[in-house]
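Have a look at the structure below before the remarks.
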There are 2 protein chains.
Amino acid sequence: MNTTTMGKEASLDGLEFDGDTVLCRVCGDKASGFHYGVHACEGCKGFFRRSIQQKIQYRPCLKNQQCNIMRVNRNRCQYCRLKKCIAVGMSRDGT
Amino acid sequence: MNTTTMGKEASLDGLEFDGDTVLCRVCGDKASGFHYGVHACEGCKGFFRRSIQQKIQYRPCLKNQQCNIMRVNRNRCQYCRLKKCIAVGMSRDGT
DNA sequence: GAACTAGGTCACTAGGTCAA
DNA sequence: TTGACCTAGTGACCTAGTTC
């Protein structure tokens, strides 16, 4: 998963700290805690919960299914957001 | 099923040891001791204690009341968890 | 004294709520 | 549909009491 995310300022993928704030592994927003197995923000927590509760099937990504999920655009593509949630390890059993 | 636990690691039902660790008879997690009459983990111990203290009536299982209780999903169905606690022999006076 | 467990504590999170 | 906020339930840890 978190393959060296090229320089940047530390990429959300590999990092979970920004100073002393824990960041959401999905979108990089401030994490509100450890949810479903990963540090996540309220938004991604709720999004993932809804996704598994209702077994939602999101409309496929219109681009290349590789949308870069960030706080500001996380609601742009549900398909890729859920994909990212799973990729970073979110699961019902908080594995 | 019972009987020969065929290879596997020996079904939680009949076994209490996994190597040299005693396992919780309810969920298979690591037991923290002998509680209410059976080897149980801190989680199931606390769950059972609360259940008998407050005489809680859990909402009936939405499935077939035969949920397979395991460490990762033990919080999924309280009804079946308590059922399992009783089934394996937990009781207030640690009979 | 050591070894043990019933019951208490409380930081933490899953899931619910509902205004936006 | 989202996500900030809320609450009830969970479980790791602690303490008091019991037994050897």
Side-chain angles (χ1 to χ4, degrees), chain A residues 16 21-61 67 69-86 88-95, chain B residues 16 20-62 67 69-86 88-95:
Chain A
E16 13 185 271
T21 314
V22 182
L23 303 181
C24 172
R25 297 272 294 176
V26 181
C27 73
D29 195 0
K30 189 163 98 55
S32 68
F34 199 72
H35 303 291
Y36 300 102
V38 309
H39 288 291
C41 65
E42 280 299 303
C44 291
K45 178 191 90 171
F47 173 78
F48 186 75
R49 184 183 68 235
R50 264 172 259 126
S51 298
I52 56 177
Q53 278 176 336
Q54 313 161 41
K55 302 186 179 66
I56 295 179
Q57 277 287 61
Y58 294 117
R59 241 180 278 103
C61 172
C67 296
I69 308 298
M70 305 183 345
R71 191 181 70 76
V72 293
N73 69 4
R74 65 188 176 203
N75 289 322
R76 212 72 70 69
C77 177
Q78 297 175 308
Y79 186 92
C80 286
R81 190 185 192 179
L82 179 55
K83 184 154 160 278
K84 181 76 176 290
C85 284
I86 295 169
V88 299
M90 290 184 92
S91 76
R92 168 170 256 152
D93 317 324
T95 312
Chain B
E16 10 185 272
D20 45 8
T21 314
V22 182
L23 303 181
C24 173
R25 297 273 293 176
V26 180
C27 72
D29 194 1
K30 189 163 97 57
S32 68
F34 198 71
H35 304 291
Y36 301 101
V38 309
H39 288 290
C41 64
E42 280 298 303
C44 291
K45 179 189 89 169
F47 173 79
F48 187 75
R49 185 183 68 235
R50 262 173 263 126
S51 298
I52 56 177
Q53 278 176 336
Q54 313 162 42
K55 302 188 180 65
I56 294 180
Q57 276 288 61
Y58 295 116
R59 238 179 281 103
C61 173
L62 297 175
C67 295
I69 308 298
M70 304 182 349
R71 190 182 69 76
V72 294
N73 69 6
R74 65 189 176 201
N75 290 323
R76 213 74 72 71
C77 179
Q78 298 173 309
Y79 186 92
C80 286
R81 189 183 192 180
L82 180 55
K83 186 156 159 274
K84 180 78 176 286
C85 283
I86 296 169
V88 299
M90 290 183 94
S91 73
R92 188 187 301 262
D93 21 323
T95 314

Touch check for B:R71, heavy atoms < 4.0 angstrom, all strands: base, sugar-phosphate only, or nothing? nothing

Quick one: sort the B:H39 and B:F34 rings into parallel, tilted or perpendicular, breaks at 30° and 60°. perpendicular

Other residues, nucleotides and ligands only: do more than 12 of their heavy atoms fall within 6.0 Å of CD on B:Q53? yes

For DNA chain D, which nucleotides open and close the run of contacts to chain A, 5' to 3', at under 4.0 angstrom from a non-hydrogen atom? D:dT1 to D:dC5

Reading nucleotides 9-20 of chain C from the 5' end, what letters show protein touch, with B for base, S for backbone sugar-phosphate only, - for no heavy atom under 4.0 Å? B---SSBBB---

How would you label the contact of B:G46 with the nucleic acid (heavy atoms, under 4.0 Å): base, sugar-phosphate, or nothing? nothing

A:H35 side chain reached by A:E42 side chain, heavy atoms, under 4.5 Å: yes

Pairwise side-chain contact, B:Y79 with B:C67, heavy-atom cut-off 4.5 Å (strictly under): no

Of all heavy-atom pairs between A:D29 and A:C41, which one has the smallest distance, and what is that distance? CB-CB, 4.0 Å

For A:C44 versus A:M90, what's the shortest heavy-atom pair and its separation? O-CE, 4.1 Å

Contacts of type side chain to side chain donor-acceptor pair (under 3.5 Å), residue A:N75, not counting sequence neighbours: A:R81

Are A:D93 and B:R76 ion-paired here, with the side-chain N under 4.0 Å from a carboxylate O? yes

Hey, which of these two, B:Y58 or A:C41, hits DNA chain D nearer its 5' end, going by closest nucleotide? A:C41

